[in-house]
Protein chains: 2
Amino acid sequence: MTDPADSTPAPPPPSPWERERPARTRAAVARTPLSRERIVEAAFTVLDRQGLDGLSMRQVAAELGVTVSALYAHVSSKDDLLELMYTRLFDGFELPRPDPDRWQEQVRDYARAGRRRLLSHRDMARISMAHVPFTAELLPYVESLLAIFRTAGLPDRIAAEAGDLISTYIDGFVLEEGMWRDRAAEQSGEDTSLARPDWREMAEEMQDYFASLPAQDFPHLRALAGMMVTDSSDERFDIGLEIILRGLASYLPDATKRAPSDDGRAPDTT
Amino acid sequence: MTDPADSTPAPPPPSPWERERPARTRAAVARTPLSRERIVEAAFTVLDRQGLDGLSMRQVAAELGVTVSALYAHVSSKDDLLELMYTRLFDGFELPRPDPDRWQEQVRDYARAGRRRLLSHRDMARISMAHVPFTAELLPYVESLLAIFRTAGLPDRIAAEAGDLISTYIDGFVLEEGMWRDRAAEQSGEDTSLARPDWREMAEEMQDYFASLPAQDFPHLRALAGMMVTDSSDERFDIGLEIILRGLASYLPDATKRAPSDDGRAPDTT
DNA sequence: TGCTACGGTGAACAGTGTTCGCTCCTCCGC
DNA sequence: GCGGAGGAGCGAACACTGTTCACCGTAGCA
């Protein structure tokens with residue numbers, strides 16, 4: 001805020017012509033007039049840099065070169081801001097036209113896309129977990145998911161629960177991913193930027209710990225040590241997803257046809 | 001933790017004999033000397049009264065008639081305290097001896113008991129969601145769950161993921177329950193003690209809202225309005241659980257035998 | 001009787017979300 | 001061209017938060 005063109009990445013370029021915008025007598029530089037959109041954008045910047053615990057209204061204000069109280073003219077509270085960020089997550093999420101023959105793949109795509117979006121911003125799963133997509137602008141997305149289930153032929157009770165189930169699964173899975181990442185980061189480097197390869201290191205450490213447990217008390221934990229904590233989370237995510245999908249498929253009227261593994265994409269269980 | 005006598009519900013009774021403990025000159029009353037256990041207990045009291053957002057170290061200290069800094073002699077941080085509370089949740093959780101023929105019922109019992117415990121303290125699901133049961137004293141519980149899955153005959157990869165899956169499901173479900181409860185409470189009565197019957201009222205309100213949506217844009221949401229938000233959460237919990245169990249069952253070698261609904265307890269899908 | 005050890009105190013620090021009175025800039029109507 | 005009105009942003013304040021640290025009073029031991 002000291003000089004024009006300082007704190008934000010792309011302020012209007014200097015433009016020597018138009019000597020207008022005479023750089024207000026105040027410290028505030030002449031810049032676009034602080035909308036909800038700009039606040040949300042700045043909040044994401046702070047979130048990615050400092051995590052949810054470091055996301056304070058003052059930090060967001062500083063990011064914009066503005067005082068805290070200015071934010072409250074556009075955002076009614078911090079919860080309001082978090083809800084805006086949550087809603088923003090769904091922007092551009094593409095809604096498939098339900099196809100009964102491809103419903104499992106459509107759900108898979110939906111879930112994977114959801115996870116990808118949650119991973120696109122630090123601690124986003126924590127924010128997502130604290131909200132429910134029942135605001136007016138998010139209803140189309142839950143409608144779309146329910147459409148897939150219902151047109152696939154699932155009973156209503158099952159379809160209604162399935163939406164909650166996979167949403168919870170996505171959020172919960174990514175949340176746990178984030179916890180592992182945080183734990184790994186805090187264990188070695190304070191600054192998260194340098195502590196990238198320690199994630200793998202921590203997975204090994206955890207495996208070693210499981211393997212070191214007394215064999216008579218923890219036979220199963222030892223046996224599964226290699227699978228409980230693995231660095232390829234993608235695979236784990238797909239497995240959990242597949243379990244849910246199979247459970248749902250068992251409720252289809254013609255369950256016999258597509259029961260165990262028919263669509264050729266289910267991960268093998270070796 | 002496995003003492004024959006349960007953990008702490010019985011602090012030393014007043015004992016009118018022994019007029020000692022001369023009620024220190026200070027404001028502090030003469031009382032047992034502030035252990036970790038007593039701090040956790042007080043924290044639960046504050047939690048139930050004021051919720052997680054109202055659970056501050058100062059409140060806990062006040063509950064004990066003690067200054068904040070005194071707490072830090074027994075508890076290294078607030079996170080430490082929360083972890084203690086999380087661990088305490090498992091106290092007395094009974095571990096079944098895995099029985100391959102009853103594995104589904106055992107998992108159901110496990111899940112229902114878990115949910116019951118989460119419901120026993122306000123906002124407990126939020127605390128649980130932020131932790132992972134990989135500390136030394138909690139490992140027996142995950143071992144026990146894995147034992148059920150493995151002895152039932154599930155492939156290792158599936159068993160490893162199943163533990164995470166149902167844990168996440170339990171936490172996520174109860175967390176959402178709590179959000180509904182909170183929303184209903186804040187909508188009418190500020191004080192949570194008087195706002196009991198409004199939960200049902202809000203469910204109706206939500207159903208009405210869904211039913212009022214434009215029929216052409218939200219056909220499925222309208223069709224499922226009655227099931228998305230119902231006051232009998234128990235039923236919804238069991239349905240989600242059943243979906244997961246069926247998915248898991250589909251991975252059993254002899255999947256044909258117990259595929260759709262054999263154990264007679266699965267809820268019908270009418 | 002003196003002394004040490006320790007559990008608890010109170011004040012302080014740096015930070016939080018939120019509110020409110022005020023200043024100053026901009027723009028509109030005259 | 002000028003005066004007034006509106007409003008955006010400022011800065012200080014309030015009531016909190018988690019955490020630390022120098023101090024002290026009491027208890028038990030020598």
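These values consider heavy atoms only, across backbone and side chains, with no hydrogens, waters or symmetry-generated copies. All values derive from a computational prediction rather than experimental measurement. So you know, we letter chains A, B, ... as the sequences are listed, proteins then strands, and number each from 1.
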Describe the nucleic acid contact of A:Ala73 in one word from base, sugar-phosphate, nothing, applying a heavy-atom distance below 4.0 Å. nothing
Among the nucleotides D:dC10, D:dT19, C:dG8, whichever has the atom closest to the side chain of B:Leu34 is C:dG8
Quick one: on DNA chain D, does A:Ser69 or B:Ser77 contact a more 5' nucleotide (nearest heavy atom)? A:Ser69
Before we go on, tell me: are the rings of B:Tyr169 and B:Phe237 under 6.0 Å apart, centre to centre? yes
Classify B:Leu55 by what it touches in the nucleic acid, base, sugar-phosphate, or nothing, heavy-atom distance under 4.0 Å. sugar-phosphate
Taking the basic N atoms (NZ, or NE/NH1/NH2) and the acidic carboxylate oxygens, is any pair closer than 4.0 Å for B:Arg88 and B:Glu41? no
A:Leu71 CG - C:dT19 C1' separation (whole Å): 14 Å
Inspect the surroundings of CD in A:Glu137 and state if more than 12 heavy atoms from other residues, nucleotides or ligands are less than 6.0 Å away. yes
Any idea which of C:dG17, C:dG10, D:dC10 is nearest the B:Thr67 side chain? C:dG10
Rounded distance in Å - CG (A:Leu81) to P (C:dT16): 14 Å
Identify whether the distance between the nearest side-chain nitrogen and carboxylate oxygen of B:Asp164 and A:Arg236 falls below 4.0 Å. yes
On DNA chain C, compare the nucleotides closest to A:Ser76 and A:Gln59; which residue's is nearer the 5' end? A:Gln59
Take the protein atom OH of B:Tyr72 and the nucleotide atom P of C:dA12, then report the distance between them rounded to whole Å. 19 Å
Is A:Arg58 side chain donor-acceptor paired with the C:dG17 base, going by distance under 3.5 Å alone? yes
Nearest whole angstrom, please: distance from the C1' of D:dC10 to the CE of A:Met57. 16 Å
